[in-house]
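Have a look at the structure below, then the notes.
Side-chain atoms are counted along with the backbone in the values below, which use heavy atoms only and exclude waters and symmetry mates. Within every chain, numbering begins at 1; the chains are lettered A, B, ... in the order of the sequence lines, protein sequences first and strands thereafter.
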Amino acid sequence: MGDSFYFCTSIMIDNFFAKQLLSWHHLENNRILPWKGEKDPYKIWISEIILQQTRAEQGLPYYERFIATYPTIEALAAAPDQEVFKLWQGLGYYSRCRNLLATARQVVAEYGGKFPDQYAQIIQLKGIGPYTAAAIASFAFGIAVPVIDGNVYRVMARYFAAPEPMDTTTGKKKFNELVTSVFDERQPAAFNQAIMDLGASVCMPKQAKCEGCFLSSGCRAYRENSVYVFPVKTKKIAVRHRYFNYYILEVNEELYLQQRPPGDVWHDLYEFFLVESENAGTTDFLDQSLIEEEKPHIFRSKQRLTHQLIESKFSIIKLKKKPRSGFEKGAWIKKINVKNYPFPKTIISFLEEMPYF
DNA sequence: TTCCGGAAAA
DNA sequence: TTTTCCGGAA
């Protein structure tokens, strides 16, 4: 799957995506924002830094105040830090402001106030990463490099129903390939503006306007009614590590089984005697004089749940007779009948590996 | 209360 | 590779 599918979709239909996107952009995309169509790299840079992690509506008044107060990069470079921070106040992510000042001063000092026009130079500047470098390069200098921001991830993920998570290194690489496959190198600025606007005003995270979208007929997620499945992200839930030490207690062809308690994994399923611990368990729970034979750690398994990683170690302990107390929770079951009880997968693996039962 | 989002530091 | 940085909207 993967590669061949994407290839066929984008190439065989003669870049339907770019054609439709640019048609929509030309006919219907009339969002009026002051940085649209702007060619001055300084103004584009200011707008892009402000728009990092920030909605256009929120950033707009800041942009206007910045441009009014500092019409040129020289003006900004010469401004006192505190004054610039005051202007940035309330916008959040204040390292953007510090980097803004550093870059303004660097461009004045090293480039004579002329904003660098090569992607490789632009991305070296403080506060400018892959997205912002691509935006400045394409909008100000017409360089054919696609922007990849949150909007683009969403549009691409849905259009191709791309299962790769967008927040991993390999996933980012895949999305880079996807955008590249539909990119229009002849009009990089228009394409980049259009795809981000589409994400912002049509292909939104929620309540997307799929009806009437110029691209819906080619959109796989729309076709498969799975628009809100995308983009996929690796759920960054904390994985809890647990260590289960299972002891198969055996007396006269009988094994000890207990039922999993409520409020924990595997509720109501059965298991052997369990000691949960960070390390190897001990047999302290037993009267040592009862032990006839011990086979420690004869099997181990790992089970991955959504939110837990459970490592289990199994040990067999043959007893001379049933302990008098400490095992009221469960019951002694004839070995022949053990297979009739429901077990979690990790115990099934053990039983399958141990034909002994 | 949860979701959203670029870059840099850890 | 993961965490931190912020505020607004749903």
With sequence neighbours excluded, residues passing salt bridge (Lys or Arg N to Asp or Glu O under 4.0 Å) with Glu211(A):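 If we apply the salt bridge (Lys or Arg N to Asp or Glu O under 4.0 Å) test to Glu211(A), skipping adjacent residues, there are no hits.
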
Which residues pass the salt bridge (Lys or Arg N to Asp or Glu O under 4.0 Å) test with Glu254(A), not counting sequence neighbours?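 Partners of Glu254(A) under the salt bridge (Lys or Arg N to Asp or Glu O under 4.0 Å) test: Lys322(A), Lys334(A).
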
Between [atom2] of [N] and [atom1] of [X], the distance in whole Å:
| X | N | atom1 | atom2 | value |
| --- | --- | --- | --- | --- |
| Tyr228(A) | dC4(B) | OH | C1' | 15 Å |
| Leu91(A) | dC5(C) | CG | C1' | 13 Å |
| Tyr131(A) | dA7(B) | OH | P | 8 Å |
| Asp167(A) | dC4(B) | CG | P | 11 Å |
| Gln53(A) | dG6(B) | CD | P | 5 Å |
| Ile50(A) | dG6(B) | CD1 | P | 15 Å |
| Leu51(A) | dA7(B) | CG | P | 12 Å |
| Trp45(A) | dG6(B) | CH2 | C1' | 16 Å |

Is any N or O donor-acceptor pair between the side chain of Gln52(A) and the base of dG6(B) shorter than 3.5 Å?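 Checked by distance alone, the answer is no.
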
Scan for salt bridge (Lys or Arg N to Asp or Glu O under 4.0 Å) pairs involving residues 81-102 of chain A, sequence neighbours excluded, and state none if there are none.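 Applying salt bridge (Lys or Arg N to Asp or Glu O under 4.0 Å) to every pair that reaches into residues 81-102 of chain A, excluding sequence neighbours, yields Asp81(A)-Arg98(A), Asp81(A)-Arg105(A).
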
Residue pairs passing the side chain to side chain donor-acceptor pair (under 3.5 Å) test where at least one lies in residues 142-156 of chain A, sequence neighbours excluded: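 Found Asp149(A)-Asn151(A), Asn151(A)-Arg154(A).
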
If you take any heavy atom closer than 4.0 Å to DNA chain B, which residues from residues 103-111 of chain A end up in contact?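 Within this stretch, nothing sits under 4.0 Å of the strand.
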
Got a sec, which pairs hit ring pair (Phe, Tyr, Trp, His ring centres under 6.0 Å) with one end in residues 315-342 of chain A, sequence neighbours left out?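 Ring pair (Phe, Tyr, Trp, His ring centres under 6.0 Å) check on residues 315-342 of chain A returns Tyr256(A)-Phe327(A), Tyr256(A)-Trp332(A), Tyr270(A)-Tyr341(A), Phe273(A)-Phe327(A).
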
N/O donor-acceptor pair under 3.5 Å between Gln20(A) side chain and Phe214(A) backbone: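 Yes: the side chain of Gln20(A) pairs with the backbone of Phe214(A).
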
What's the shortest heavy-atom distance between Ser312(A) and Tyr246(A), and which atoms?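 Result for this residue pair: OG-CE1, 4.1 Å.
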
For Asp167(A) and Lys172(A), which heavy atoms make the closest approach, and how far apart are they?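 Taking every non-hydrogen atom into account, CA-NZ, 3.8 Å.
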
Report yes if at least one side-chain N or O of [X] is closer than 4.0 Å to OP1 or OP2 of [N]; otherwise report no.
| X | N | answer |
| --- | --- | --- |
| Arg154(A) | dG5(B) | yes |
| Tyr94(A) | dG7(C) | yes |
| Lys233(A) | dC3(B) | no |

Just call it for [X]: base, sugar-phosphate, or nothing, with non-hydrogen atoms closer than 4.0 Å on any strand.
| X | value |
| --- | --- |
| Thr168(A) | nothing |
| Thr54(A) | nothing |
| Arg98(A) | nothing |
| Tyr93(A) | base |

List the steps, then state whether salt bridge (Lys or Arg N to Asp or Glu O under 4.0 Å) holds for Glu250(A) with Lys335(A). CA-CA 9 Å; Glu250(A) 182 175 354; Lys335(A) 273 167 85 170; 3.0 Å; yes

Starting the side chain at C-beta, find the nucleotide from dC4(B), dT1(C), dG6(B) nearest to Thr169(A).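 Between dC4(B), dT1(C), dG6(B), the one nearest the side chain of Thr169(A) would be dT1(C).
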
Give me the other members of the hydrophobic cluster that Tyr228(A) sits in, counting Ile, Leu, Val, Met, Phe, Trp and Tyr linked by side-chain heavy atoms under 4.5 Å, directly or via other members.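 Its cluster partners, ordered by chain and number, are Tyr222(A), Val227(A).
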
What stems show up for DNA chain C when you take Watson-Crick pairs (N1-N3 plus N6-O4 or O6-N4) and G-U wobbles (N1-O2, O6-N3), both under 3.5 Å, and require three or more consecutive pairs?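 Listed by first number, the stems are B:1-10 with C:1-10.
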
Under 6.0 Å from the CD atom of Glu293(A), do we count more than 12 heavy atoms belonging to anything else shown?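 Counting other residues, nucleotides and ligands, CD of Glu293(A) exceeds 12 neighbours.
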
pair Glu311(A)-Tyr243(A): side-chain heavy atoms closer than 4.5 Å: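 Yes. Closest side-chain heavy atoms under 4.5 Å.
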
Treating Ile, Leu, Val, Met, Phe, Trp and Tyr as nodes and any side-chain heavy-atom pair under 4.5 angstrom as an edge, say whether Phe230(A) and Leu21(A) lie in one connected cluster.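 Per the 4.5 Å side-chain linkage, Phe230(A) and Leu21(A) are not co-clustered.
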
Measure all distances between protein nitrogen or oxygen atoms and nitrogen or oxygen atoms of nucleotides 8-10 of chain C, and list the pairs falling under 3.5 Å.
none

Tabulate below the donor-acceptor pairs under 3.5 Å that side-chain atoms of residues 116-134 of chain A make, not counting sequence neighbours, or state none.
residue	atom	partner	partner atom	Å
Tyr131(A)	OH	Glu48(A)	OE1	2.7
Thr132(A)	OG1	Gln52(A)	NE2	2.8

In a table with atom names and distances, give each donor-acceptor pair under 3.5 Å that connects a side chain of residues 185-205 of chain A to protein atoms at least two apart or in another chain.
residue	atom	partner	partner atom	Å
Arg186(A)	NE	Asp184(A)	OD1	3.3
Gln187(A)	NE2	Asp184(A)	OD2	3.2
Asn192(A)	OD1	Val147(A)	N	3.2
Asn192(A)	ND2	Ser138(A)	OG	3.0
Asn192(A)	ND2	Val145(A)	O	3.0
Asn192(A)	ND2	Pro188(A)	O	3.4
Asp197(A)	OD1	Lys36(A)	NZ	3.4
Asp197(A)	OD2	Asn29(A)	ND2	2.6
Asp197(A)	OD2	Lys36(A)	NZ	3.0
Ser201(A)	OG	Asp197(A)	O	2.8

Heteroatom pairs (N/O) under 3.5 angstrom, protein to nucleotides 8-10 of chain B:
residue	atom	partner	partner atom	Å
dA8(B)	OP1	Gly127(A)	N	2.4

